[in-house]
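Proteins come first, then strands; the chains are lettered A, B, ... in the order of their sequence lines, and each starts at number 1. Just so you know, these numbers come straight off a predicted model, no measurement behind them. Side chains are part of it too, since the values below use all heavy atoms of this structure and drop only hydrogens, waters and symmetry mates.
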Amino acid sequence: MSQLLHALNPQQLAAVTLPPQHALILAGAGSGKTRVLTTRIAWLIQTGQATPQGVLAVTFTNKAAKEMLARLSAMLPINTRGMWIGTFHGLCNRLLRTHNRDANLPALFQILDSADQLAAIKRLLKTLNVDDERYPPRDLQHFINAQKEAGLRPHAVDAWDDFTRRRVELYQEYENQCQREGVVDFAELLLRSFELLSRNEILRVHYQQRFRHVLVDEFQDTNRLQYLWLKLLAGGSACLFAVGDDDQSIYAFRGADIGNMHDFEREFRVQNVIRLEQNYRSHGNILDAANAIIKHNAARLGKNLWTDAGAGEPIRVYEAFNDSEEARWIVEEIKGLVGEGMARHEIALLYRSNAQSRVLEHGLFNAGLPYRVYGGLRFFERQEIKHALAYMRLIANADDDTAFSRVVNFPTRGIGARSLEQLQDAAKQNGTSMYGAIPLLGGKAGSAIGVFSALILRLKASTEGLDLPEIVGQTIEQSGLRDHYRNEKEGADRVANLDELINAAANFVAEEGTIEEGQSELAAFLAHASLEAGEHQAGEGDDALQLMTVHAAKGLEFDVVFISGLEEGLFPHENAITEADGLEEERRLMYVAVTRARRRLYLSFAQTRMLHGQTRYSVPSRFVEEIPAALLKWLTPKMSGRGLIAEAARARYAGPSAPSLPAAVARRSETGAANGFRIGQNVNHPKFGLGVIVAAEGAGSDARVQVNFGREGIKWLALAVAKLTPA
DNA sequence: TGGGAGTGCTTTTTT
DNA sequence: AGCACTCCCA
């Protein structure tokens, strides 16, 4: 036990050994959060305060869950197999599989991933003849998910206008369709198991009594429904141990609700709020910068990271002429670092949006530097894999219309849109699935589809009793997928991926503990494929530079970090500036980015950048300015003049009505000068403050200019009326 | 049925 | 610019 606790700092120790009560651990970046969480579980078990079966631990990603399990088995001589440690969705899946009848689901219910869900919605709109211009499938998808994540079924949604009423109707129709087909989407996993537990007292009491300790990781990322789920499960007499960092909440845009942290404190009457503020990752200057940035946020629970590692190096800043030059500079710096012996995989290039990776990749490629971009297409999301899985889903459940529609004519077997329409109509009229409606069809359509139906039957019969990898192999052969891709020009990779799917199935079976008692291997594997899309990590072991968005970098750390594209409008993103709390989320994002670095941090921005095929003129990000000058070391050559920072500083003292920064992003049009003003010129407006002219049109008394006033927005102003003065 | 041309969108993203 | 998606014709 003493080994378990040795080398914990006082706050970590306090958190780990807290008496059984609700607790909120505010764990700053790099403060040993995962360590505290896993050691807490080990401590509870080792001291006899909990049994392995009595612990429930929830994370957001499969990676985090795996890490927790791995650390736990290293700490304790117990079998972690039966423990309830997993993602929200993984645990809900487990719950619903175990109690599928009480949850009113078929034993082999399938899970729709986002793409499947979208396809299902499109299909629904088509069947109902809904105008998809008025009700875009993607909007509807977000609407439905948002309702579910708020815990609302259609009848509970407030709808005050016709548009919303219609959307709620469609939500209801979508639910009917899913129920008919025996499929659930991601949000449904949560909502369904929440409802199962709230309605079924026997089950609820059973689980409430079983799980004496409920632990949550990344609590700041929970949405409303997840909070309600936790509250229900831990609502009896269990202890809820929540670990999170409000400063690292960067997923509000997809429903994470920071209010959960406050609600948790209040509703659970949390007596113990422990702050982990000692950082074991970064040098002092980096932490000072992070602290200085995040201090600009008003909505915080409050926390200040410190380290005893020493100040370390200054933060290097570079102002580039344009994006290519920025990339070129980054490449040069990296060459230097690598030349000094720095491992490439210890260097990360972070950016706000994926589109920015291209310029960087271009530069790295030309320099012959190996790199890896995170966040591409995942294995289980590839089309050939999804096709193969769809056939397997039909083996498990032929009424799965999503799977059916996907492959009924792939590889093509002469079944056109017309035939499918007939089939859907027949299915709708008879209240069956599409598969179930096949016998109702006559004529040509009937016979072509009959061939497909026979294929499914044959597949089902011939895979009966086979083990999982064999089922996969047979599916790939008999469906004709392998032949199809073999004959395709660029199909070699796809065939290889199909073979890889067989391997994945074999690995899945070999991995102990993944399959629940009494559940078929096939169903378990299909659920696994939906829940864990799998990283496509080609060359994982290679010593390559790491390229990723700041979001993707959360939870990771590197010796050297470059944050590029630090420009107003890009980072912070222009869309975020107009949203409520958007800017604070951007700032938290910057905080996350900065705290990824252990030893050296580079910041860079460009005066000009190509974006969406147009040149944008930008001003440095306010985040750069929020870092005390003493921590910065400017690397920009003198040649680029005083630079934009100097200009920005001047603008800030221009007068009380001026915003603290000049215009955010300017876009140049082809129109030239107008009435003495020119594109790109800085101007002052009595009401909107400082701005940049981005476009002009008309002449004489009709002349108008478009001015970007940064936070005040982009406006067209008539020169004859507006009191614009050169700045 | 399938391919070529035309159209529109473009922050971040796990499950 | 680049990509996904739709539409229309052979």
Side-chain angles (χ1 to χ4, degrees), chain A residues 58-65 86-93 111-119 122 132-133 136-138 142 145 148-149 184-191 193 217-218 221-223 225-226 249-256 323 350-359 362 374-378 380-381 383 409-420 448 488-489 527-535 548-555 565 569-579 582-583 585-586 588-590 592-593 609-616:
Chain A
V58 210
T59 63
F60 274 85
T61 65
N62 291 297
K63 201 169 143 202
T87 62
F88 277 103
H89 295 85
L91 296 177
C92 287
N93 177 48
I111 300 167
L112 301 183
D113 69 17
S114 308
D116 295 333
Q117 185 189 29
L118 185 62
K122 282 182 181 165
D132 59 4
E133 303 250 306
R138 218 168 271 277
H142 290 148
N145 288 341
K148 289 193 184 188
E149 279 163 12
V184 297
D185 57 46
F186 285 140
E188 184 71 25
L189 283 172
L190 262 302
L191 184 52
S193 57
D217 192 14
E218 306 276 16
D221 287 339
T222 50
N223 63 34
L225 180 55
Q226 286 160 338
S249 159
I250 55 175
Y251 286 112
F253 74 92
R254 66 169 195 219
D323 47 352
L350 308 185
Y351 34 80
R352 175 67 237 271
S353 60
N354 281 307
Q356 291 168 251
S357 77
R358 188 159 298 139
V359 206
H362 184 77
Y374 285 74
L377 195 58
R378 296 129 172 277
F380 286 110
E381 288 170 359
Q383 74 148 346
N409 195 37
F410 194 98
T412 49
R413 35 181 84 88
I415 301 168
R418 184 85 197 87
S419 316
L420 286 178
E488 208 181 63
K489 304 192 280 291
H528 165 81
S530 298
L531 289 173
E532 192 172 350
E535 290 276 317
M548 64 192 85
T549 63
V550 180
H551 282 93
K554 187 170 161 204
L570 195 58
F571 195 1
H573 196 277
E574 54 192 328
N575 296 356
I577 295 175
T578 54
E579 281 166 26
L583 189 60
E585 178 143 321
E586 293 290 306
R588 292 192 291 269
L589 202 48
M590 180 65 182
V592 168
R609 180 176 297 274
M610 281 295 280
L611 211 61
H612 310 322
Q614 275 177 310
T615 306
R616 294 169 68 132

| Quick one: does A/L189's side chain get under 4.5 Å of A/L531's, heavy atoms only? | yes
Open item on the list: Heavy atoms only, 4.0 Å cut-off, all strands: where does A/Y251 land among base, sugar-phosphate and nothing?
Closed with: sugar-phosphate
Residues at least two apart in sequence or cross-chain that pass ring pair (Phe, Tyr, Trp, His ring centres under 6.0 Å) with A/Y251, listed by chain then number, are A/F253, A/H551
A correct 5'-to-3' footprint of nucleotides 2-11 of chain B, with B, S and - meaning base, sugar-phosphate only and no protein heavy atom under 4.0 Å, is S-------BB
Original post:
For A/S530 and B/dT15, is the shortest distance between a side-chain N/O and OP1 or OP2 below 4.0 Å?
Top reply: no
A/I250 atom CD1 is separated from B/dT14 atom C1', nearest whole Å, by 12 Å
Between NZ of A/K63 and P of B/dT14 the distance, given in whole Å, is 11 Å
Sorted by chain and residue number, the side chain to side chain contact (heavy atoms under 4.5 Å, CB included) partners of A/S249 (sequence neighbours excluded) come out as A/Q220, A/I258, A/R588
Residues passing the ring pair (Phe, Tyr, Trp, His ring centres under 6.0 Å) test with A/Y351, sequence neighbours excluded, are none
Rounded to whole Å, the CD-C1' distance (A/Q356 to B/dT12) equals 11 Å
- Residue pair A/Q117 / A/S114, side-chain donor-acceptor N/O under 3.5 Å: no
The side chain to side chain contact (heavy atoms under 4.5 Å, CB included) partners of A/R358 (sequence neighbours excluded) come to none
When rounded to whole Å, the CD1 to P distance for the pair A/I111 and B/dT14 reads 17 Å
Taken to the nearest whole Å, CG/A/L225 to C1'/B/dT15 is 13 Å
Taken in chain and number order and not counting sequence neighbours, the residues that satisfy side chain to side chain donor-acceptor pair (under 3.5 Å) with A/D221 are A/K554
Taken in chain and number order and not counting sequence neighbours, the residues that satisfy side chain to side chain contact (heavy atoms under 4.5 Å, CB included) with A/A552 are A/M548, A/T549
Side-chain atoms of A/I415 come closest, of B/dT12, B/dT1, B/dT15, to B/dT1
Against the side chain of A/R254, the closest entry in B/dT15, B/dT14, B/dT1 is B/dT14
Separation of B/dT15 atom C1' from A/F88 atom CZ, nearest Å, is 11 Å
Sequence neighbours excluded, the answer for side chain to side chain contact (heavy atoms under 4.5 Å, CB included) partners of A/A64 is A/T59, A/T61, A/D217
The first and last nucleotides of DNA chain C lying within contact of chain A, meaning any atom under 4.0 Å from one of its heavy atoms, run from C/dA1 to C/dG2
Between A/S114 and A/F253, whichever has its closest DNA chain B nucleotide further toward 5' is A/F253
note: A/N62, atom CG; B/dT13, atom P; distance rounded to Å ~ 17 Å
Between CG of A/L189 and P of B/dT15 the distance, given in whole Å, is 13 Å
Practice prompt. Using the P atoms only, state how far B/dT12 lies from C/dC5, rounded to an integer number of Å.
Written response: 16 Å
